[in-house]
Amino acid sequence: MEIRDRYAPSPTGNQHIGGVRTALFNYLFAKSKGGKFILRLEDTDRTRFDEAFVQNLYDTFNWLNIHWDEGPDIGGPSSPYVQSERFELYKKAAEELIAKGKAYRCFCSSERLDNIRAEREASGSSETGYDRHCRSVSAEESGRRAAAGESFVIRLNIPLEESTKFHDHILGDIEWKNADVNPDPVLLKSDGFPTYHLANVVDDHLMNISHVLRAQEWIPSTPLHVIMYRAFGWTPPEYCHLPMVMGQDGKKLSKRHGATSIDEFRKAGYLPEALINYVALLGASYEEGKEIYTLEELAERFSLDKLNKAPAIFDYKKLEWYNGQYIRMMTDEALAEAALPYAVKAALFGSSGAAAVPSAEQKKTFIAAMPLIRERISFLHEAPEKLAYLFSEPPVPAAEEFIPKKADLARTAELLSLGRGLIEPMAVLNDADAEAYIKSWCEEHDIKLGDIMMPLRVAITRARVSPPLFGSIRILGAKQSLERIDAALGTLRAALETSKETR
Ligand code: GLU
Ligand code: ZN
């Protein structure tokens, strides 16, 4: 049997963690079995539909680099993959059930249904849902009234005396008494629109879906779906309801916990690979001790048996850790490429418009600077702030900022001008050689490494805490480095004068 599964979102909102997790597990399952992953748009709820949500869906999965084998944008053997273009099929299916005696027309007015509700409320009855009133309308009368143009919905005729069993890959055997299933739900509305249940079941059947992997919140719909498969005489797919994704407090993940829409993560500088890696671990475990997986590695290892029964807890800190890990694994070029849009947005290369686009020279500098920050950022948007000092000269800080531990202003100025003499040779050395050079110079002159590093660091990067000094000197080059040191020496000497005068 060919494995075919699907992601079937309703475009009534932007893509969020829960949806992407469902899509990813379907993708991985299909790939792990050499099967097909299908995208189907369940857009029957036209009041909440927005084309922008469809675009967001495409943008999100494009960014994540997850692609379906069949779908609305690329077509396939079960086209169309958009429910609003399949209404004829649902109508035909509903009529087929009427012919089989498994569904019936309900002519009840909305006033009648409102009255039942009101009466039940008044009498304190616990009964809910439709009272099955129109079940007793004869086939002959039903046909006559429909032909005469009377408005109706089509309802499923649920056999009350039976119960419905199905197997869920994670939850095991599940059995519901049919009497406990929502009484005779509507399949087709009076305007010809299908309900979710009808469209979902008809499409899964017509699209030959072998496995339904969806969130556990859909469990209450499943008995109803299985009853429908039986009514049609079709074989239901295999079910696997995925554990819910919760926040740290054990409540369903929502905005209260932090970002949930993929757009927010994307804007915050998350890498798609990090997000995929982390989301793939939400409710699944693959290999003991291994935490970093490419999409291909996940597809090789995925199996339904590796899914957990317990809800998954979404840990923002862990996702942040993953992002840092993926940043560390990127080459200079790839990291620069990914961080560049954030740098442009932060006006690292120039204020705005055409000036914000880096020149060839600036781009080279940006790429060369990646080793300075790779270990120091968890998010791409942190890059421009950390590297600003390489692209424009920050003001010289106050003289006190330069002073290393236990030194005074005069000694600091002296240390800095000694350090000045080391710049030319160090500007052409790699990190290890520059370090060895300055260390042996310190030993020779009986000066503590930290004492010379601090004034140099503040002079070059203009901050006490900064990316590595040697790389900064190398990237700025000897000339610029010396200019910065001279400006700093000017500040230190001026401060020294003032302190002498006031003494
Ligand atoms: N359209 C439903 C949703 O928005 C699909 C549920 C299912 O996978 O059956 O999640
Ligand atoms: Zn009725």
Item to check | Greater than 12 external heavy atoms within 6.0 Å of Lys306's NZ | outcome: yes
Checklist entry - Which heavy atom of Ile475 sits nearest a heavy atom of Ala368, and at what distance? => result CD1-O, 3.4 Å
Checklist entry - Can Arg376 and Glu382 be said to form a salt bridge (Lys or Arg N to Asp or Glu O under 4.0 Å), step by step? => result CA-CA 9 Å; Arg376 288 176 172 73; Glu382 294 171 287; over 6 Å; no
Checklist entry - Just checking, any donor-acceptor pair under 3.5 angstrom between side chains of Arg214 and His241? => result yes
Item to check | Pair Tyr7 and Phe37, ring centroids less than 6.0 Å apart | outcome: no
Checklist entry - Should the heavy atoms of other residues, nucleotides or ligands under 6.0 Å from CD of Glu127 be counted, would the total exceed 12? => result no
Next on the checklist: Which residue in the set Tyr316, Phe314, Trp321 passes ring-ring contact (aromatic ring centres under 6.0 Å, His included) when paired with Tyr278?
Outcome noted: Phe314
Next on the checklist: Ring centres under 6.0 Å, that's the criterion: do Tyr270 and Tyr326 meet it?
Outcome noted: no
Checklist entry - Does atom NZ of Lys251 have more than 12 heavy-atom neighbours from other groups under 6.0 Å away? => result no
Checklist entry - Looking at CG of Leu380 and CZ of Arg266, how far apart are the two atoms once the value is rounded to the nearest 0.5 Å? => result 12.0 Å
Next on the checklist: I'd like to know if the side chain of Ser84 pairs up with that of Asp43 as donor and acceptor (distance under 3.5 Å, no hydrogens or angles considered).
Outcome noted: yes
Checklist entry - Excluding sequence neighbours, so at least two apart, what forms side chain to side chain contact (heavy atoms under 4.5 Å, CB included) with His169? => result Cys240, Leu304, Asp305
Checklist outcome for this item: Closest non-hydrogen contact found for Ala94 with Ala103 is O-CB, 4.5 Å
Checklist entry - Do Phe61 and Trp68 have ring centroids that are under 6.0 Å from one another? => result yes
Next on the checklist: Which heavy atom of Ala274 sits nearest to which heavy atom of Asn323, and what is that distance?
Outcome noted: CB-OD1, 3.4 Å
Checklist entry - Are Thr365 and Leu387 close enough, and set up right, to give a side-chain contact (heavy atoms from CB on, under 4.5 Å), and what steps lead you there? => result CA-CA 10 Å; Thr365 304; Leu387 295 177; over 6 Å; no
Checklist entry - Can a donor-acceptor pair be found between the side chains of Ser210 and Asn208 at a distance below 3.5 Å? => result no
Item to check | Distance (rounded to the nearest 0.5 Å) between Glu162 CD and Lys177 NZ | outcome: 14.0 Å
Checklist outcome for this item: d(Asp69 CG, Arg6 CZ) to nearest 0.5 Å is 15.5 Å
Next on the checklist: Is it true that, when you exclude Lys31 itself, more than 12 heavy atoms of the residues, nucleotides or ligands shown sit nearer than 6.0 Å to its NZ?
Outcome noted: yes
Item to check | Short N-O contact, Glu375 and Arg328, less than 4.0 angstrom | outcome: yes
Checklist entry - Does CD in Glu385 sit with more than 12 non-hydrogen atoms of other residues, nucleotides or ligands closer than 6.0 Å? => result no
Checklist entry - Between Arg145 and Glu141, does at least one N-O distance fall below 4.0 Å, as a salt bridge requires? => result yes
Next on the checklist: Can you confirm if the aromatic rings of His225 and Tyr196 lie within a centre distance of less than 6.0 Å?
Outcome noted: yes
Item to check | Side-chain donor-acceptor pair present, Ser10, Glu42, cut-off under 3.5 Å | outcome: no
Item to check | Which residues share a side chain to side chain contact (heavy atoms under 4.5 Å, CB included) with Ser466, sequence neighbours left out | outcome: Arg457, Thr461
Next on the checklist: Determine whether Arg86 and Asp203 satisfy the following criterion, salt bridge (Lys or Arg N to Asp or Glu O under 4.0 Å), listing intermediate values before the conclusion.
Outcome noted: CA-CA 9 Å; Arg86 300 171 63 85; Asp203 282 350; 2.8 Å; yes
Checklist entry - Could you walk me through whether Asp131 and Arg117 pass the salt bridge (Lys or Arg N to Asp or Glu O under 4.0 Å) check? => result CA-CA 10 Å; Asp131 66 354; Arg117 205 172 303 128; over 6 Å; no
Checklist entry - Is the shortest distance from a Lys or Arg side-chain nitrogen in Lys290 or Glu297 to a carboxylate oxygen in the other one below 4.0 Å? => result yes
Next on the checklist: So, using side chain to side chain donor-acceptor pair (under 3.5 Å) as the criterion, who are the partners of Tyr342 when residues are at least two apart?
Outcome noted: none
